[in-house]
Amino acid sequence: MSSSASSLTPPGRSAKPVPIAQILFSQGFGTRRHCAALIHHRLVAIGGEIVEDPQQAFDTAGLVFEVEGQVWPYHEKALILLHKPSGYECSRKPSHHPSVFSLLPEPLRNRDIQPVGRLDEDTTGLLLLTDDGPLQHKLTSPKYHVPKLYQAVCKAEVDDAQLRRLVEGVLLEERNPKLAAEPVSAVSAERLPDGRLQMALTEGRYHQAKRMVAAVGNRVLALHRQRIGALELPADLKAGGWMWLDEVQRELAMSEPDD
Ligand code: URA
């Protein structure tokens, strides 16, 4: 596992102390029975002290505990940033490739976290996962216009006419006739100095970037997501690595980038 979990611990929100067994259960450490057994087997510690009573209650704000030596910061809601490598599917039940969930530790896999908009199996880059329903909605709904920045290696270098058409809007084949009649456009599209296409999209239609590029007569060979809102993929997070996000980064994901 590659993680920088401990440096990004948002405070918990609960003011009322919560029994440790309930805390472990809420954080994905297994069934209630399993969580109680972990405590009885003296495998849970807080501040270096073994916790012996499953009913001993703790304030969850900023709580960090250890289970079998694994240090775990309490998060009422999980918001995870994963640097998705190529060759992983975003589904919990993948059909041809391993799931992105296999890159996360078991307590996170046990929580009801979902990818915030899926990336294709061969797309790399910034993927958020959360069990925070309202946040999930805000980041994916076209109503909130959160721009996602993609970089693509295309078969032919994108020319000015293609860039213009991407921003002006293209029609995509859709099963839904209403969608098919609505042009879809990039918020911005430019050619990077290395020849790659960079474009920002606010909608999340199926294979949208690849289909838009195909619609202007080119083809995406490799696709990478670099930014959601104003939240950048950290340069030091290797493909396959993950990290918790704090409140500041959560706000960044929902805000407009400066440029
Ligand atoms: N657009 C695509 O075509 N694929 C992705 O994975 C994301 C956006």
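Counting convention: from 1, in listed order, for ligands and their atoms alike. These figures come from a predicted structure and were not determined experimentally.
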Within 45° of the axis and under 6.0 Å from the centre of the six-membered ring of F101, does NZ or CZ of R109 qualify? no

Nearest protein heavy atom with distance in Å, relative to atom 4 (N) of ligand 1: D120 OD2, 2.7 Å

Is a side-chain donor or acceptor of Q27 paired with a backbone partner of H75 at a separation under 3.5 angstrom? yes

Determine, for D120 against K210, whether the closest basic-nitrogen to carboxylate-oxygen distance falls under 4.0 angstrom. yes

Any atom of ligand 1 sitting under 4.0 Å from a heavy atom of Y206? no

Y150 heavy atoms within 4.0 Å reach ligand 1 at atoms 7 (C), 8 (C)

Of the backbone atoms (N, CA, C, O) and the side-chain heavy atoms from C-beta on, which set of L223 has a member under 4.0 Å from an atom of ligand 1: side chain, backbone, both, or neither? side chain

Which segment of T123 sits under 4.0 Å of ligand 1 when only heavy atoms are counted: side chain

Whether D159 and R191 form a salt bridge (side-chain N of Lys/Arg under 4.0 Å from carboxylate O of Asp/Glu) is what I want to check. no

N or O pair under 3.5 Å between R118 and ligand 1: no

Backbone or side chain, does any N or O of R211 fall under 3.5 Å from an N or O of ligand 1? no

Between D131 and R111, is there a side-chain N and carboxylate O pair less than 4.0 Å apart? yes

Could you label the plane-to-plane angle of the F65 and F29 rings as parallel, tilted or perpendicular, counting under 30° as parallel and over 60° as perpendicular? perpendicular

Compute the shortest N/O to N/O distance between L119 and ligand 1 and return yes if it is under 3.5 Å, no if not. no

E174/R211 salt bridge by N-O under 4.0 Å criterion: yes

Could you list the atoms of ligand 1 found under 4.0 angstrom from a heavy atom of A209? 1 (N), 2 (C), 3 (O)

